[in-house]
Structure formats: structure tokens, C-alpha cells
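Quick caveat: nothing in here was measured; it's all calculated off a predicted structure.
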Amino acid sequence: MEILFLGTSAAVPSKDRSTSCIAVKEGRGIVLLDCGEGTQRRLMESPYSFMKIGAILVTHLHGDHVFGLPGLLQTMSLSDRRDPLLICGPPGIRALIYTAMEATGGELSYPIDVRELSGGEAFEACGFGASCFRTDHGMFSIGYVLRGPDRPGKLDHEKALALGARDGPDMARLKRGESVGDITPDMVIGPPVPGISVAYTGDTKPAESTVEAARGVDVLIHEATYMDAEAENAGKHNHTTAAQAARLAGEAGVGHLIMTHVSHRYDDRSVLEAEARGIFPESYVADDLVLYEVGKASFRSRYVGPDAER
């Protein structure tokens, strides 16, 4: 699975950081999580094509999470998109989209499926198994969990040989789920390997609903607007500190924590990473146009912006 951060700023963008948007890619499908101002420009600077996006999942209707949506929808249309697009979000997302399209004369060249969610729904999104959960941001807000497809189990080559299978075509048939004589795949192939999973909170205070939804995921993407010295301010504005996000990640038993939506008051954002790592060692602070490649036994990141080394 690939996770590309397109916008990591808190409410206000800067010269270097756009507002909230994350692209998650598995195979050929791309899902966007939120769509803040500057999303389509960031996509044009990235290796991803906005024409490959199959779903956009919005956490809440604050402007820094949705103001990029009308422009992106119209750009897709102007680029002669024909493929359908799934858009999910909280109640009000449908009115936001259709009001913007009507007010700007933005007739679309492709069908959109807009779904308003209340939390707890499960659905399919561009090849991912998806579900949503309620969060706590002082307005109606939801988070999402995405799970990639399971991988086939490992073939026990020696056991297959012992049972009479031959190298070459027999092994290939067993891997495809076909029987070879009296040898059935379940006799020589292990259980499926669960797909990579990622949970995303959007903006929220620490919430038990997040712990439950994110339990055991490979990656938790959690907002960390403040450091713990600003915990009172974070609570007042319905946000989370780096330390709080780290404690929540530990409680949920996740593999890795990636923090985003960081306030511009922190010129050196590594201080948030250090604070979180004192509690949960596998903590990272995201930056715009940094791509994380996540496997069951691997986790690495690299910058993929316009001046990245090829």
C-alpha cells in the first residue's frame, strides 16, 4: 500500500504546506481522504494522476478539508473524465457539492455517487474494504478505515512435492486455486495474508471510538495539531496533541502512527515526533509530498515532489 500526503497543514495553508488531503493507493485504485484547498495542484506535482482517483472520502465540512473538492471535480470534467466517482462524507456533503456545481456552472462529464454517512457504515471504495466511525470535533465528523485485499497464502513447496505435485505447471495451478489430481490447494497453501489496513481520523479530540475502529491496523493517521504543553488549547478547539495521539496509538495496538494537521506555530515539527516517540516509538510526522510504502514487514518513506531525486 502507498500513502501519499498531499496536504499536512492545520487550518491555514502556507507556502510549503497545503491543507488536509491524503491519497491511498493499492494496485491501480486511488482513494482521497479529505480534499482541502490546493489538492489538485499538489496532485499535479506528485506521481499520481487525479484521473485515477476512484473515491473521495471526506471527514467533516470545515473548509480546510473540503475547499479543494469543487475545483478538483471540475478539472476532472474539463479533462474529459468518463469513469464514475464515489464521494462519501457526513450529512451536508451532497448539498455542498451540488450547490457549488450549480453556482459555478460546473456540469460534470462523469457520474458521481454521493453518499452521506452517519458512522458505522461499511462499503467498498475503489478496491478497498472501507468503513467509517464517529469522531469528536465539535461538529459532525467521521473517520475512515481502509483495508486492502487479502493476499494468497504461501505455497508449501516441499509438502506439495511430497504429495506428488511436480515443479512448474502443477505448482502454478495450485497457486491459482486449482486442484492437481488428489491434491487440493487447501492441503498445501497457508491461510490468506490480511491486506494492509489504515485508519484516518480527520480532525478530532482523542476518542474511544478511534481506539476501537483502529485496533490492530497497520497505520493510524491521526491529527496532532499541538504539542502536549498546549493540551488545554487542543481540548478547547477539539483537537489532539502529539502525546495524546501516541497514547491512543499504543492503546489501539497499531503498527505505525503518522501524525498530520500540524499547527504552523511549530517551525521545527520534529519536536512533535520526538514527543510522540517518547510514548509510541513508531511515530512519524507527515510532510507534503512524502509517500509512505507500507507492507507487512516493511515501512519506508520518500519525498516524491517535483525536485525529488529520480
Side-chain angles (χ1 to χ4, degrees), residues 1-9 13 15-89 93-94 96-101 103-115 123-128 130 144 146 148 198 200 202 221 260-261 286-294 301-308 310:
M1 179 185 286
E2 294 180 350
I3 303 172
L4 173 60
F5 286 83
L6 296 164
T8 61
S9 170
K15 292 186 295 183
D16 302 316
R17 294 167 57 212
S18 293
T19 50
S20 293
C21 184
I22 303 162
V24 183
K25 184 174 184 290
E26 176 81 11
R28 303 175 70 178
I30 299 174
V31 173
L32 285 191
L33 300 172
D34 282 330
C35 192
E37 178 186 354
T39 290
Q40 61 178 316
R41 289 294 303 273
R42 278 292 191 235
L43 279 163
M44 291 172 185
E45 295 174 311
S46 83
Y48 291 177
S49 167
F50 54 77
M51 298 294 275
K52 299 294 184 182
I53 296 167
I56 301 174
L57 311 182
V58 174
T59 60
H60 65 291
L61 299 184
H62 278 158
D64 58 316
H65 292 254
V66 296
F67 279 165
L69 189 53
L72 179 59
L73 295 181
Q74 291 196 25
T75 295
M76 288 176 174
S77 188
L78 292 169
S79 300
D80 202 30
R81 181 185 176 111
R82 290 289 182 263
D83 294 333
L85 178 68
L86 171 66
I87 305 173
C88 296
I93 186 71
R94 181 177 288 108
L96 183 150
I97 291 169
Y98 286 105
T99 298
M101 293 298 101
T104 59
E107 185 176 346
L108 300 180
S109 63
Y110 55 94
I112 58 175
D113 176 8
V114 183
R115 304 181 192 175
F123 54 98
E124 192 275 337
C126 201
F128 291 93
Y144 295 93
L146 296 177
V198 57
Y200 171 57
I221 304 172
T260 188
H261 199 272
D287 205 352
D288 285 29
L289 295 173
V290 170
L291 182 146
Y292 289 81
E293 297 170 318
V294 184
S301 64
R302 57 192 172 93
Y303 174 72
V304 294
D307 54 348
R310 302 296 180 186

Is there a side-chain contact between [X] and [Y], using heavy atoms and a 4.5 Å cut-off?
X     : Y      : result
Tyr98 : Val114 : yes
Tyr48 : Leu4   : yes
His65 : His261 : yes
Glu37 : Asp64  : no
Pro13 : Phe67  : no

Step through the shown structure and confirm whether more than 12 heavy atoms of other residues, nucleotides or ligands are within 6.0 Å of [atom1] on [X].
X      : atom1 : answer
Phe123 : CZ    : yes
Glu107 : CD    : no
Arg82  : CZ    : yes

message: Any donor-acceptor pair under 3.5 Å linking the side-chain atoms of Asp34 with those of Thr59?
response: yes
Calculate, to the nearest 0.5 Å, the distance between atoms [atom1] and [atom2] belonging to [X] and [Y] respectively.
X     : Y      : atom1 : atom2 : result
Arg42 : Glu45  : CZ    : CD    : 5.0 Å
Ile30 : Leu43  : CD1   : CG    : 7.5 Å
Leu57 : Phe128 : CG    : CZ    : 10.0 Å

Looking at [Y], is its backbone amide N or carbonyl O close enough to the side chain of [X] to form a donor-acceptor pair, meaning the two atoms are under 3.5 Å apart?
X      : Y      : result
Asp288 : Thr8   : yes
Tyr110 : Leu73  : yes
Thr75  : Leu72  : no
Lys25  : Gly27  : yes
Ser77  : Ser109 : yes
Arg115 : Cys88  : no

Work out which heavy atom in [X] is nearest to a heavy atom in [Y]; give both atom names and the distance.
X      : Y      : value
Leu146 : Val31  : CD1-CG1, 4.1 Å
Ala23  : Leu6   : CB-CD1, 4.1 Å
Ile53  : Leu85  : O-CD1, 3.6 Å
Glu293 : Glu2   : OE2-OE2, 4.2 Å
Asp113 : Leu86  : O-CD1, 3.4 Å
Tyr303 : Leu289 : CD1-O, 3.4 Å

query: So, are Arg81 and Asp83 salt-bridged, with charged N and O less than 4.0 Å apart?
result: no
- request: Apply the test side chain to side chain contact (heavy atoms under 4.5 Å, CB included) to residues Ser18 and Thr39: give CA-CA distance (whole Å), side-chain angles for both, the deciding distance (0.1 Å), then the verdict.
  value: CA-CA 7 Å; Ser18 293; Thr39 290; over 6 Å; no
- prompt: When you look at Leu69 and Ile93, which way does the side chain to side chain contact (heavy atoms under 4.5 Å, CB included) test go after all the steps?
  reply: CA-CA 10 Å; Leu69 189 53; Ile93 186 71; 4.1 Å; yes
field: Phe5 and Tyr292 aromatic ring geometry - parallel, tilted or perpendicular at 30°/60° bounds
entry: perpendicular
- request: Could you please spell out the steps behind the side chain to side chain contact (heavy atoms under 4.5 Å, CB included) verdict for Ser79 and Met51?
  value: CA-CA 8 Å; Ser79 300; Met51 298 294 275; 3.8 Å; yes
